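Lettering follows sequence order; numbering is per chain, from 1. Because the structure is a prediction, the values reported are computed rather than measured.
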Amino acid sequence: MFADQSSNVPVAKDLASVLAPSRSIDFQIPGLTNPGRVLFPRDGITKRDAAAYLFQVNKWLLPHIVDRPISLLRCADGIDGEQFFQRHPGKGFPSEITTLSLDSEDEPLLAINDAEALLATAQISAIELHPWGCRSDDIENPDRIIIDLDPDEAVGWNVLVEAAFIVRSELESRDLKTFVKTTGGKGLHVVVPLTGQHTWQQVFEFSKLFATALAKLHPKRFVANMSKSRRQGKIFVDYHRNRRGATAIAAYSLRARPGASVSTPITWDELPMVNPGDFTLRTLPTRLAALRTDPWAGLESTEQRLAE
DNA sequence: GACAAGC
DNA sequence: GCTTGTCAACGCTGA
DNA sequence: TCAGCG
Ligand SMILES: [Mn+2]
Ligand SMILES: [Mn+2]
């Protein structure tokens, strides 16, 4: 992370000084090559901006990804260039990013376990972070379910919000407490933390059953069938996020989209008052600084399991 | 983005 | 030294 | 079987 930089640009003494309001844009973040590389052309957002964002939010973001296998969406030439997922380390991969060699996997997986590893993701232009729904040390037992709501183009935001409240209420009637976040795209994620032991099969069967029940209950609003043609004007309840090896965008991760949007945890109370475009690399630091409490307070301490 | 091969 | 090419997931669904 | 999907 502190590799040679053969340039006469001053190197910041520490990351805090990089982020000071009066900072010179000439300061470098240690170890970051091509800091001026534009990753988001429409927004003029650079690799340096992405690294600074990750540093600023690291205490919020890390709890949602540490000790989980993770896949990275990399955009070495910016979001308009070639993009690719990476789920295994390769040659020259940053040593800060943990390599998980698991008996169950043919190839090692990745994990981001501290702030240094998070900054290393900026160095390799890994914009999106996609963790698994389980812990590295308990790979066969998921500890959360994500009900992924994918609206068709024709579905308005307010309809989606209403739909999310229906999901919340249906899960509440099954004695499950839920948390909600924007995806940074057009959808919403309803997160169900689990304690105790559940298998992938249990979790998948539950979410499939839940999605199909929802579609049966509100056929005008929801579909559980992923075929595009059946989704006209409806919300696809994508239960496929809850399979072993499947991933979903991490809370507080950037998205590789114009605007540098962020998948953002919110409270159920603020859901009716926000717009999906409210949350970006530019706005998140301000939002987080102003928050009096974690919108997801209680997620870690929620103890609940699926009915037998 | 990192690396190896080819010029 | 510089340029160029190669590589960097995965597995299910529904037709 | 395979393009499409997230
Ligand atoms: Mn490149
Ligand atoms: Mn989705």
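Applying the salt bridge (charged side-chain N to carboxylate O under 4.0 Å, His left out) test to pairs two or more places apart or on separate chains, those with a residue in residues 67-82 of chain A are R37(A)-D77(A), R68(A)-D143(A). Each ring pair (Phe, Tyr, Trp, His ring centres under 6.0 Å) pair with one or both residues in residues 186-232 of chain A, not counting sequence neighbours, appears once here: F204(A)-Y239(A). Contacts classified as salt bridge (charged side-chain N to carboxylate O under 4.0 Å, His left out) and involving residues 182-193 of chain A (residues at least two apart or in different chains) are given here: E153(A)-K186(A).
Other members of the hydrophobic cluster containing F236(A), listed by chain and number, are V223(A), M226(A); membership follows side-chain contacts under 4.5 Å among ILVMFWY residues, whether direct or relayed.
Atom-to-atom, CZ of F84(A) to C1' of dT6(C) comes out at 11 Å; the value is rounded to the nearest Å. The distance from atom NZ of K47(A) to atom P of dG1(B) is 4 Å, rounded to the nearest whole Å. I124(A) has its CD1 atom 12 Å from the P atom of dC3(B), to the nearest Å. Atom CG of D77(A) is separated from atom C1' of dT6(C) by 14 Å (rounded to the nearest Å). One interatomic measurement links the two molecules: CZ of F93(A) to P of dC7(C), which rounds to 18 Å at whole-angstrom precision.
Taking the P atoms as reference points, dG1(B) lies 28 Å from dG11(C), given to the whole Å. Using C1' as the reference atom, dC5(D) and dA9(C) are 14 Å apart when rounded to the nearest Å.
T46(A) and G36(A) make their closest contact through CG2-O, 3.6 Å (heavy atoms, listed as atom of the first residue, atom of the second, distance). Here the closest non-hydrogen pair linking A260(A) and L254(A) is O-CD2, 4.0 Å.
Under the side chain to side chain donor-acceptor pair (under 3.5 Å) criterion, E270(A) pairs with R287(A), sequence neighbours left out. A search for side chain to side chain donor-acceptor pair (under 3.5 Å) contacts involving H130(A) returns E128(A), not counting sequence neighbours.
Nucleic acid contact for E128(A): none, since no nucleic acid atom lies under 4.0 Å from a heavy atom of the residue.
For dA9(C), neither phosphate oxygen OP1 nor OP2 lies less than 4.0 angstrom from any side-chain nitrogen or oxygen of R74(A). An OP1 or OP2 oxygen of dC7(C) is reached within less than 4.0 angstrom by no side-chain nitrogen or oxygen of Q86(A).
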Show every donor-acceptor pair shorter than 3.5 Å between a side-chain atom in residues 290-297 of chain A and any protein atom, with sequence neighbours excluded, or say none if there are none.
residue	atom	partner	partner atom	Å
D294(A)	OD1	W296(A)	N	2.8
W296(A)	NE1	V180(A)	O	2.9

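Contacts between chain A and DNA chain D, taken as any atom within less than 4.0 angstrom of a protein heavy atom, begin and end at dC5(D) to dG6(D).
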Requested in this report: Do nucleotides 10-15 of chain C as a string where each nucleotide becomes B, S or -: B if the base has a protein heavy atom under 4.0 Å, S if just the sugar-phosphate does, - if no protein is that close.
Outcome: S-SSSS
